[in-house]
> 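Before I ask anything, here is the structure I am working with.
Note that the structure is predicted; figures quoted are calculated from it, not measured.
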Amino acid sequence: MRGSVILASILFGCSFSAATAATNQRVSDGGRTQIQTQQQSRLQALAKRGRYSNYQQLLGAGQVQAKHGAVGGGLKGARPTPEQMQALTQQTAVDLAALGFTAKDVAVFQQSGIDLFDIAQRFFAGSTTAAEQMLMADTVVIATAGKTMDGRARLDGFLSTSPFTVVKSLKGARAPGDMVYVPRKSGANPDGTVLTVTSDIEFTVGKKYLLVLSKNWYEQWVAEKRKQTEAGFIAVPYLAYEILPNDTLRDGPRATRSGEDPRSVAEAANELKKFSPGKRSAGGAP
């Protein structure tokens, strides 16, 4: 008889930013060693993806600023030490490289008054708006949900995937008719038990959604876990909104971290344009 396991989880890959949370205090030698080991693992994943040079260049392109005596990621209360700020800047450079950003991106956005280091740091600390999450994403599409696919062994560590047919692309290289797959941690395990992860978004077959996705974060997650990516365009979700007949948006199952959710497709598109300097589509190429 098949058992059932239910787990609560948060946004894919948040464990990648363990060093960010750890910098809220002076860590012991053992704790510092653990953080360094985690960061080395992340850097190895970047190297595997061909993104290590991006990280090196990002280190000299910007830094996280302590504002009003505190920054996110648990650094609250007393003003962070220079050591803590340096560690947080290094961690944020890793995050930006993982998401596909480059030192050139930092400079281009800075000319428009947009600080990618600040937004990326707050993104992983859980305090960004829907528009800022769209900036961190590499793909934003309107797409129709298909039936969840499971029941086979996967190479990437996920247990199932939700397929979508693209209707319109707001950001990224997807075109109408393309397939986009959202991986799920829920599904049947090899031993017959069923794993249910509460952070997985439940989609209704045949309905249209506005999806804010990151293929880069999927690839980083898989590389961190020392797994292999699956074929097809697979991207993890930051936000997902059901699109109603009048093009208004129903609040998604994963709430915006700060600020209000967009109320319509047009409003989301306008918010996205605010983070698109010139004719360049904001966000790292997937």
> Are Glu132 and Arg122 close enough for a salt bridge, meaning some N to O gap below 4.0 Å?
yes

> Indicate yes or no: does Glu219 engage Lys48 in a salt bridge with an N to O separation below 4.0 Å.
no

> Specify the closest pair of heavy atoms between Gln110 and Asp115, including all atoms of both residues, with the distance to one decimal.
OE1-CA, 4.1 Å

> Hey, what do you get for NZ (Lys171) to CG (Leu272), rounding to the nearest 0.5 Å?
6.0 Å

> Are Ile142 and Val166 packed together at the side-chain level, in the sense that at least one heavy-atom pair is separated by less than 4.5 angstrom?
no

> Residues two or more places apart in sequence or in another chain: which of them pass salt bridge (charged side-chain N to carboxylate O under 4.0 Å, His left out) with Arg226?
none

> Side chains of Trp221 and Phe158: closer than 4.5 Å at any heavy-atom pair?
yes

> What is the distance from atom CD of Glu271 to atom CD of Glu260, rounded to the nearest 0.5 Å?
10.0 Å

> Here's one to test your reading of the geometry: is the NZ or CZ of Arg174 within 45 degrees of the ring axis of Phe233 and under 6.0 Å from its centre?
yes

> Between Ser186 and Asp200, do the side chains contain an N or O donor and an N or O acceptor separated by less than 3.5 Å?
yes

> Which heavy-atom pair separates Ser41 from Glu224 by the least distance, and what is that distance?
OG-OE1, 3.5 Å

> With a 6.0 Å cut-off (strictly less than), is the heavy-atom count around CD of Gln56, excluding the residue itself, greater than 12?
yes

> To the nearest 0.5 Å, tell me how far Thr89 OG1 sits from Gln84 CD.
12.0 Å

> With sequence neighbours excluded, tell me which residues meet side-chain hydrogen bond (donor to acceptor under 3.5 Å, both in side chains) with Glu267.
Arg263

> Is the closest side-chain donor-acceptor distance between Asp191 and Thr193 under 3.5 Å?
yes

> Is there any ring pair (Phe, Tyr, Trp, His ring centres under 6.0 Å) pair reaching into residues 163-194, and which pairs are they, with sequence neighbours excluded?
Phe164-Phe203

> I need the minimum non-hydrogen distance between Leu46 and Val94, along with the two atoms involved.
CD1-CG1, 4.0 Å

> What is the minimum heavy-atom distance between Tyr209 and Glu202, and which atoms define it?
OH-O, 4.5 Å

> With rounding to the nearest 0.5 angstrom, report the CD to OG1 distance, Gln220 to Thr229.
12.5 Å

> Any side-chain to backbone donor/acceptor pair from Asp178 onto Ala175? Under 3.5 Å, distance only.
yes

> Should Phe123 and Tyr238 be marked as a ring pair (Phe, Tyr, Trp, His ring centres under 6.0 Å) after you check the CA-CA gap, both sets of side-chain angles, and the distance that decides it?
CA-CA 10 Å; Phe123 176 76; Tyr238 294 159; 4.9 Å; yes

> Is Lys215 close enough and on-axis enough to Trp217, meaning under 6.0 Å and within 45°, for cation-pi?
no

> Do Ile201 and Val141 sit in one hydrophobic cluster, given that two such residues count as connected whenever their side-chain heavy atoms are within less than 4.5 Å of each other, even indirectly?
yes

> With a 4.5 Å cut-off on side-chain heavy atoms, are Gln90 and Gln39 touching?
yes

> Hey, does the side chain of Thr161 reach the backbone of Val182 with a donor-acceptor pair shorter than 3.5 angstrom?
yes

> Are the side chain of Ser162 and the backbone of Thr148 linked by a donor-acceptor contact shorter than 3.5 Å?
no

> With rounding to the nearest 0.5 angstrom, report the NZ to CG distance, Lys207 to Leu244.
8.0 Å

> Tell me yes or no: between the side chains of Thr102 and Asp105, is some donor less than 3.5 Å from an acceptor?
yes

> Applying salt bridge (Lys or Arg N to Asp or Glu O under 4.0 Å), run through Asp156 and Lys225 and close with a yes or a no.
CA-CA 8 Å; Asp156 59 4; Lys225 298 297 182 181; over 6 Å; no

> Any side-chain heavy atom of Leu116 sitting closer than 4.5 Å to one from Met136?
yes

> Measure the spacing between CD1 of Ile243 and CG of Leu210 and express it to the nearest 0.5 Å.
5.5 Å

> Can we say Arg184 and Asp150 salt-bridge, meaning some charged N sits less than 4.0 Å from an Asp/Glu carboxylate O?
no

> Between Asp138 and Asn216, is there a donor-acceptor pair closer than 3.5 Å when you use the side chain of the first and the backbone of the second?
yes

> Are Tyr55 and Val64 connected, step by step, through hydrophobic side chains (Ile, Leu, Val, Met, Phe, Trp, Tyr) whose heavy atoms are closer than 4.5 Å?
no

